[in-house]
Amino acid sequence: GDSVTQMEGPVTLSEEAFLTINCTYTATGYPSLFWYVQYPGEGLQLLLKATKADDKGSNKGFEATYRKETTSFHLEKGSVQVSDSAVYFCALSAYSGGYQKVTFGIGTKLQVIP
Amino acid sequence: DSGVTQTPKHLITATGQRVTLRCSPRSGDLSVYWYQQSLDQGLQFLIQYYNGEERAKGNILERFSAQQFPDLHSELNLSSLELGDSALYFCASSVGRSGTPDTQYFGPGTRLTVL
């Protein structure tokens with residue numbers, strides 16, 4: 001079945017450091033890929049998405065590129081801020097049997113220190 | 001605000017009891033998903049409904065059940081509660097139309113504490 005593997009945290013960075021959170025996936029067909037973010041005490045919210053190979057999703061300074069050849073969708077940000085401290089989830093969605101199936105990774109906790 | 005509402009926000013109950021969690025999806029969304037999030041298990045997919053019909057089951061215990069009503073709201077019923085059922089329960093909704101990359105919109109969650 002479909003699966004998403006992302007690096008386990010926590011990841012601790014200083015403010016203005018470069019961020020990479022790795023995500024790889026296994027899926028049949030051509031899934032769409034997502035990054036969701038969960039701030040403390042809140043539900044998950046969409047950060048960015050990409051729907052086909054070589055697409056780049058971007059939002060709030062975060063970027064991720066859909067790499068079909070390496071089945072990856074790594075999240076990057078050039079300069080993190082304290083306000084970026086949250087849990088980040090990689091996910092894929094694929095249509096199977098006439099409906100969408102969504103698979104989430106385990107989540108990576110990011111802590112940014114001043 | 002995602003447009004997905006969940007009630008109640010907090011629920012404290014005792015072992016062996018039964019509770020019902022409620023979710024109202026965003027206007028126009030036909031798919032509803034339920035997730036359980038605990039510290040040691042991460043985000044676990046429980047069940048998905050589309051337009052009133054069950055579409056997918058994840059790691060949902062037999063003590064748990066759900067349904068989606070004609071007005072598209074959904075309820076998650078948890079019975080014979082155990083201490084280990086203490087968790088955050090999220091509902092998410094999406095448009096659900098086939099052929100469309102489907103973003104899920106999450107509610108704020110219900111925090112269940114079983115004492």
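All values below were derived from every heavy atom in this structure, side-chain atoms included, with hydrogens, water molecules and symmetry-related copies excluded. Proteins get letters first, then strands, A, B, ... in listed order; numbering begins at 1 in each.
By the rule that hydrophobic residues join a cluster once side-chain heavy atoms approach within less than 4.5 Å of another member, Val4(B) and Leu30(B) end up as members of separate clusters. The same ILVMFWY cluster, assembled from side-chain heavy atoms under 4.5 Å apart, contains both Leu61(B) and Tyr49(B). Hydrophobic clustering keeps Leu112(B) apart from Leu88(B) (ILVMFWY residues linked when any side-chain heavy atoms are closer than 4.5 Å, directly or through intermediates). Tyr25(A) and Phe104(A) are members of different hydrophobic clusters when ILVMFWY side chains are connected at heavy-atom separations under 4.5 Å. With hydrophobic clusters built from ILVMFWY side chains whose heavy atoms lie under 4.5 angstrom apart, Trp35(A) shares a cluster with Phe62(A).
Atom CD of Glu42(A) is separated from atom CZ of Phe106(B) by 13.5 Å, given to the nearest 0.5 angstrom. Atom OH of residue Tyr36(A) and atom CG of residue Leu43(B) lie 10.5 Å apart, to the nearest 0.5 angstrom. Between Ser94(B) atom OG and Leu46(A) atom CG the span is 12.0 Å, to the nearest 0.5 Å.
In this structure, the portion of Phe90(B) lying under 4.5 Å from any heavy atom of chain A is its side chain and not its backbone. Proximity to chain A (any heavy atom under 4.5 Å) is shown, for Gln104(B), by both the backbone and the side chain.
No more than 12 heavy atoms of other residues, nucleotides or ligands sit less than 6.0 Å from atom CZ of Arg111(B).
A heavy-atom distance below 4.5 Å is found between the side chains of Val102(A) and Tyr35(B).
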Please step through side-chain contact (heavy atoms from CB on, under 4.5 Å) for the pair Tyr105(B) and Leu44(A), ending with a clear verdict.
-> CA-CA 8 Å; Tyr105(B) 294 87; Leu44(A) 281 72; over 6 Å; no

